[in-house]
2 protein chains.
Amino acid sequence: MTDRVVPAAARQRRRPTKQGVVLSEELIVATALRLIEEHGAEALSVRRLGRALGADPSSLYRYFRHTDDLMLAIADELIGRNLRVWRTTGDWVADLRELGLRMHAGALAHPRAAMLSAHRVTGRVHEIQAVESMLGVLRGAGFPDPEAVRIYHAFVDQALAFGALDSACTALPRSAREAEAQVWRSTYGRLPAGTHPHIAATAPHLVATMRSSSYPAALDLLLAAARTRLDHLRAGIVE
Amino acid sequence: MTDRVVPAAARQRRRPTKQGVVLSEELIVATALRLIEEHGAEALSVRRLGRALGADPSSLYRYFRHTDDLMLAIADELIGRNLRVWRTTGDWVADLRELGLRMHAGALAHPRAAMLSAHRVTGRVHEIQAVESMLGVLRGAGFPDPEAVRIYHAFVDQALAFGALDSACTALPRSAREAEAQVWRSTYGRLPAGTHPHIAATAPHLVATMRSSSYPAALDLLLAAARTRLDHLRAGIVE
DNA sequence: ACCTTACGACAACACCGTTGACCTGTTAAG
DNA sequence: CTTAACAGGTCAACGGTGTTGTCGTAAGGT
């Protein structure tokens, strides 16, 4: 097939579908997101999406080269939604904390999409804006460039990775979730101190802590380490 | 179909396949792992696995209810392998660093299994041993119980989350991976300083850093923060 | 030596992504 | 206003996937 996709920008001949729908990149992405949220990630296929749109599946290939392209478009849309409401305050730790929690919450709000897109680089507008903003915060705080990039990378991957992990948990069927809670209560909560002293000693804390996400704790540890590192740099310690 | 799978334990009638192979759960898991290692994660399908085993694809459903069951069996096997070789040395930071890297490497060695099992609690022997060991390291270092549990939780979830995230990247088709590298080089490497000053300033670092996993960096940040916290606790600072 | 039945084989089903060929309504030029 | 080009929707097909209902047969206990 010769290049079937038109450069995205200049589309003029918008012919309606047999069922009367006028397709567009945005409509396709929005419908895909709706499908994912309503019926799960595995419900997203070119054919189902076509059906939901009221169009032939092959029509979508006029807008996206393959399904992967569509995934990237979906991912970028999510990034954009998360970033749109974020503003910097001048306190870099607070800003990054806020952004991390927002990304994590955004992932949990669209679990299936988050699981699909967490590991992709889109190279699209929203993502670029996000990268620029985060690097700006870190460089503004005083991190030298290599350090800023290193911390940016760890920060963003941590947010995405925990977002995907916790999303996967919420996507488990109800019975499986209850079974896991039960494992913590019955199995770990009742191990004898003789064979498993450390688990036995911390059992109440374990049962209480393991049911919720560890992302806030992990995020705070990362930011604390970054702050310490910046203090050392400022004090002229070369390490 | 009524339950086609026999309770796993008591199988007696081991009839050889048309091609002369005697199937078993272990043989299937081992062959699946070999397939994944040799031809990539996407080469694992029930049909291909059947072909590799010299058996009809449908025969595998006598041993696993669905492909997910097979994946979990593979994951269980991997957990065991990772833990078996880990020994504590007395230096808690080095021990946790070693374990984190080992878990991450284990995940990358078998991406599909890692992605499926990262967010599940098994409550089986190997997992329990791992929890006991990690808590032991942290409590032995001097962390009070709530703190030890908090850090354990962040540590293990971070290892699993990054393992799954990076596994997902390696599971991408070759073309998609190259496309991502290209995005960093062409898109991010060429943004004008006028509109994107921070990206432009750090472009070489970005291109160099983003191609590899940020897990080692994130792990070191987490451990650094934990060590700082411990110093504060030892100094009697109550925060 | 027989009977039972576990379990491998087969064929079929309903999906999937992707493509080449076709057809038609929109649009811009004359 | 007419008309010709072509963007873009449609159709049919290919080769893949996971999964299941049915059947035959050989292995094992007796």
Side-chain angles (χ1 to χ4, degrees), chain A residues 1-25 27-28 31-32 35-36 39-74 116, chain B residues 1-25 27-28 31-32 35-36 39-72 112 116 171-173 175-176:
Chain A
M1 154 165 346
T2 56
D3 26 302
R4 168 167 272 172
V5 175
V6 159
R11 284 179 174 265
Q12 60 258 32
R13 309 212 177 164
R14 351 228 64 229
R15 165 156 46 154
T17 272
K18 251 194 175 173
Q19 302 185 33
V21 187
V22 176
L23 294 181
S24 69
E25 198 172 307
L27 179 62
I28 295 175
T31 307
L35 262 189
I36 290 177
H39 303 99
E42 71 283 359
L44 186 62
S45 72
V46 177
R47 298 175 114 97
R48 270 212 255 253
L49 183 51
R51 220 179 301 139
L53 280 162
D56 190 90
S58 66
S59 300
L60 306 185
Y61 287 87
R62 302 273 184 208
Y63 295 83
F64 302 96
R65 261 193 296 277
H66 12 259
T67 12
D68 215 58
D69 270 19
L70 174 60
M71 294 299 182
L72 293 183
I74 293 173
L116 284 175
Chain B
M1 159 167 340
T2 56
D3 26 305
R4 167 167 273 170
V5 176
V6 157
R11 283 181 176 265
Q12 59 258 32
R13 308 212 177 165
R14 352 230 60 227
R15 163 154 50 153
T17 272
K18 250 195 178 174
Q19 302 183 33
V21 187
V22 176
L23 294 180
S24 71
E25 196 173 309
L27 179 62
I28 295 175
T31 307
L35 261 189
I36 290 178
H39 304 98
E42 74 282 0
L44 187 63
S45 72
V46 176
R47 299 174 115 96
R48 270 211 255 253
L49 183 51
R51 222 179 298 141
L53 280 162
D56 190 90
S58 66
S59 300
L60 305 185
Y61 287 87
R62 301 274 183 208
Y63 295 83
F64 302 97
R65 262 191 294 277
H66 8 259
T67 13
D68 249 37
D69 269 18
L70 172 60
M71 294 302 180
L72 286 182
R112 282 270 278 266
L116 278 172
L172 286 176
S175 58

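- At the heavy-atom level, A/Ser45 lies under 4.0 Å from the strands shown only through sugar-phosphate atoms.
- Once rounded to the nearest 0.5 Å, the distance linking CG of B/Leu53 with OG1 of B/Thr31 reads 4.0 Å.
- Within the nucleic acid shown, B/Thr17 comes within 4.0 Å of sugar-phosphate atoms alone, with no base atom in reach, counting heavy atoms only.
- Considering only the side chain of A/Arg62, D/dT10 comes nearest among D/dT17, D/dT10, C/dC10.
- Following rounding to the nearest Å, A/Leu23 (CG) and D/dA7 (P) show an atom-to-atom distance of 17 Å.
- Regarding A/Asp56, its CG atom lies at a distance of 13 Å from the C1' atom of C/dC22, rounded to whole Å.
- Spacing between atom CG of A/Leu60 and atom P of D/dC11 amounts to 14 Å, rounded to whole angstrom units.
- Considering only the side chain of B/Tyr61, D/dG18 comes nearest among D/dG18, C/dT18, D/dT10.
- Residue A/Arg15 places its side chain closer to C/dG25 than to any other of C/dA12, C/dG25, C/dC16.
- With hydrogens and angles left out, the side chain of B/Arg47 and the base of D/dG18 share a donor-acceptor pair within 3.5 Å.
- Judged by distance alone, the side chain of B/Arg48 and the main-chain N or O of B/Ala43 form a donor-acceptor pair under 3.5 Å.
- Across D/dT19, C/dA9, C/dG8, the shortest atom-to-atom separation from the side chain of B/Thr67 is found for D/dT19.
- The side chain of A/Lys18 approaches D/dT10 more closely than any other nucleotide in the set C/dG17, D/dT10, C/dA9.
- Distance B/Phe64 CZ to C/dC7 C1': 15 Å, rounded to the nearest Å.
- Closest approach to the A/Pro16 side chain among D/dT10, C/dT26, D/dT17 is made by C/dT26 (side chain taken as heavy atoms from C-beta onward).
- Side-chain contact between B/Val46 and B/Tyr61 is present, with heavy atoms from C-beta onward closer than 4.5 Å.
- A donor-acceptor contact shorter than 3.5 Å links the side chain of A/Ser24 to the backbone of A/Leu27.
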